[in-house]
Amino acid sequence: MSGFDVESADRDQLAAALRASEFHVGAIYQVSLDPIIVIDNDGTIREFNRAAEHTFSRRRDKAIGTPVVRLFHPSAQERFQKNVSHFQATGGEGSMVGRNVEMQCVRQNGEQFVAEMALQPIPFEDAGRLVIFLREITERKRAELALKDSQRLYASLVENLPLCVMRKDREGRFTFANRAFCTMVGRPLEQLTGKTDFDLYSHELAEKYRRDDACVCETGDSFETIEINRAPDGTERHVHVMKTAVHDSGDSIIGIQILFMDITDRVRAELAVRRTSDELKQSNLELQQFAYVASHDLQAPLRAIAGFAQFLQHDYQDQLGANANEYIRQIVGGVQRMQQLINDLLAYSRVESRSRPCVSVDLAVVFDDVVNLLRAEIAESRGEVTRGELPSVAGDPAQLSQLLQNLISNDLKYHSVVAPRVQVTADRNDSGWTIAVRDNGIGIESRHHERIFEIFVRLHTQDKYPGTGIGLAVCRRIVLRHGGRIWVESEVDRGSTFYFTLPDRSNLQP
């Protein structure tokens with residue numbers, strides 16, 4: 001073969017290799033998922049691949065021949081042109097070649113998006129032309145912003161929460177602590193980072209913390225307790241501690257996060273409540289003992305006084321003067337009032353000491369029994385006592401009977417010249433029933449609406465309306481014991497309505 005033929009064969013091989021290379025480059029250019037744009041030295045678009053068509057919503061034939069700056073937001077056009085000019089002047093030295101730069105781009109419809117951009121010169125015969133490589137990162141930027149917002153929110157919460165937050169690695173070294181913990185131990189975060197509990201607490205306490213931390217790291221289970229924490233200055237605090245494992249992206253445990261809240265004030269308050277409760281129990285015990293004494297030891301001498309006074313009046317009535325008979329009458333009356341007062345005090349004390357478990361109680365049946373008990377008072381006052389539909393409630397039958405009896409009896413007592421009329425009705429409320437006991441009596445001034453439920457409070461003299469001032473206090477105690485409340489609405493000479501609330505029978509525990 002002649003030299004000419006060899007040279008011709010070499011050219012054919014080179015041409016075939018060049019065509020193959022151009023085919024491969026073209027294939028890569030067209031199938032690339034990222035936009036690739038070729039521009040000449042005056043910024044005119046010469047090539048626009050399919051990904052660029054999709055990303056910018058522009059057809060290739062419409063894009064070729066147009067200025068490339070139209071693809072960028074006005075705020076980014078000047079920056080782009082400066083970089084291209086610098087590239088052309090320096091031959092690529094110090095330009096954006098090989099570097100990704102974020103640029104604000106614009107689609108055909110005006111929608112903006114963010115893309116990373118890199119420039120690459122085209123060698124050989126296309127000298128002066130540039131290839132622009134773009135990758136849309138709008139979603140990534142949104143995710144980064146969301147992550148930053150989340151991190152800022154987390155930091156804000158952690159720094160401002162009224163509890164201590166810290167993190168340790170698996171070796172027990174502090175990697176983070178919020179402001180509250182730094183303040184408590186008296187050290188800034190810079191001095192805490194890398195330290196362990198052995199640098200802050202006694203060896204015994206630090207060893208306990210180390211064991212607790214190791215258990216969380218080994219099992220992955222959360223740890224929660226209330227314990228006493230001794231600060232470096234010796235101050236003891238009751239703290240509510242919660243420890244949880246910290247995982248990396250591969251779900252491996254790399255440390256623990258600790259949250260603890262100073263509950264010293266709460267513990268002290270609970271202790272104070274417990275002491276008060278114990279004192280109250282002791283007081284109730286003493287009250288029960290008093291009730292026993294009152295029902296036996298006090299009643300006996302009172303009965304003796306009344307009996308001997310009545311004997312004197314019966315046996316020596318003709319020998320005693322009118323004054324002596326009046327004195328005896330007053331003695332007997334005083335003893336009877338004292339007995340009534342003791343009986344009422346007994347009733348007041350027994351609201352708690354002799355209470356029974358709540359059961360379903362038909363108030364209509366209770367009402368009928370009470371009216372039957374009061375039939376003599378009703379007849380004497382020429383009164384009328386009626387009711388509407390009454391529900392079944394959760395309560396102590398004996399106490400609810402006493403409650404209705406006290407209220408209706410008061411209504412019959414405190415009436416004007418008009419015969420008393422009493423009506424008992426019920427209405428549903430959110431948690432049960434509101435019972436109303438309505439009368440047409442003398443009424444109560446508004447300034448006394450709260451006082452009348454206090455023990456021994458009386459608004460009238462014994463001569464006008466006899467009583468001990470305990471009946472409504474007993475009513476309030478019964479209602480409170482049932483988890484309700486009692487109040488009155490009244491005007492002078494216009495009657496009164498006593499309201500009290502009771503739980504529905506559906507609230508009973510099965």
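Because the structure is predicted, anything quoted here is derived from the model rather than measured.
Counting heavy atoms from C-beta outward, Lys195 and Thr193 have side chains that stay 4.5 Å or more apart. Two residues are said to be in side-chain contact when any heavy atoms from C-beta on lie closer than 4.5 Å; His482 and Leu400 meet this criterion. No side-chain heavy atom of Arg485 sits under 4.5 Å from any side-chain heavy atom of Phe500. Side-chain atoms of Arg140 and Val114, non-hydrogen and from C-beta on, never get closer than 4.5 Å to each other.
Between Arg421 and Asp411 there is no salt bridge, since none of the side-chain N atoms of the basic residue sits less than 4.0 Å from a carboxylate O of the acidic one. Between Glu144 and Lys148, no side-chain nitrogen of the basic residue sits less than 4.0 Å from a carboxylate oxygen of the acidic one, so the salt-bridge criterion is not met. At a threshold of 4.0 Å, the pair Arg266-Glu270 counts as salt-bridged, since one of the basic side-chain nitrogens sits closer than that to a carboxylate oxygen. Under 4.0 Å is where a charged nitrogen must lie from a carboxylate oxygen, and between Arg170 and Asp213 no such pair does. Taking a cutoff of 4.0 Å between a charged side-chain nitrogen and a carboxylate oxygen, Glu454 and Arg451 do not qualify as a salt bridge. With respect to the salt-bridge test (charged N to carboxylate O, under 4.0 angstrom), the residues Glu116 and Arg135 do not qualify.
Of the listed residues (Arg173, His203, Arg210, Lys168), just one forms a side chain to side chain donor-acceptor pair (under 3.5 Å) with Asp197, and that residue is Lys168. Shown are His449, His448, Glu450; of these, the side chain to side chain contact (heavy atoms under 4.5 Å, CB included) with Val488 is made only by His449.
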Inset, instruction - Show the numbers, then the answer: is there a salt bridge (Lys or Arg N to Asp or Glu O under 4.0 Å) between Lys208 and Asp212? - result: CA-CA 6 Å; Lys208 177 193 180 305; Asp212 294 342; 2.7 Å; yes
Inset, instruction - Take Tyr209 and Phe198 through the test ring pair (Phe, Tyr, Trp, His ring centres under 6.0 Å) and record every step on the way to the result. - result: CA-CA 9 Å; Tyr209 292 161; Phe198 290 93; 9.6 Å; no
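Side-chain N/O atoms of Ser409 and Glu377 include a donor and acceptor closer than 3.5 Å. There is no side-chain donor-acceptor pair under 3.5 Å between Ser202 and Glu204. Using modelled atom types, one finds no donor on one side chain facing an acceptor on the other under 3.5 Å when comparing Arg387 with Gln423. No hydrogens or angles considered: nothing links the side chains of Trp433 and Asp427 as a donor-acceptor pair under 3.5 Å.
For the residue pair Cys182 and Pro188, the shortest heavy atom distance occurs at SG-C, 4.1 Å.
Side-chain atoms of Ser252 never come within 3.5 Å of backbone atoms of Asp248 as a donor-acceptor pair (strictly under, hydrogens ignored). Without hydrogens or angle criteria, Asn372 side chain to Asp368 main chain gives no donor-acceptor distance under 3.5 Å. Here the side chain of Thr175 pairs a donor or acceptor atom with the backbone of Arg167 at under 3.5 angstrom.
Qualifying salt bridge (charged side-chain N to carboxylate O under 4.0 Å, His left out) partners for Asp149, counting only residues two or more places apart in sequence or in other chains: Arg152.
In this structure, His54 places its NE2 atom where only 12 or fewer heavy-atom neighbours from other residues, nucleotides or ligands lie under 6.0 Å away. When the shell of 6.0 Å around CG of Leu147 is examined, it contains more than 12 heavy atoms from other residues, nucleotides or ligands.
The side-chain tip of Arg107 does not point at the ring of Phe56 from less than 6.0 angstrom away and within 45° of straight on.
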Pairs under 3.5 angstrom only: tabulate donor-acceptor contacts from the side chains of residues 215-224 to other protein residues two or more places apart or in another chain.
unit_1 : atom_1 : unit_2 : atom_2 : d
Thr219 : OG1    : Cys215 : O      : 2.7
Thr219 : OG1    : Asp221 : N      : 3.1
Glu224 : OE2    : His240 : NE2    : 2.6

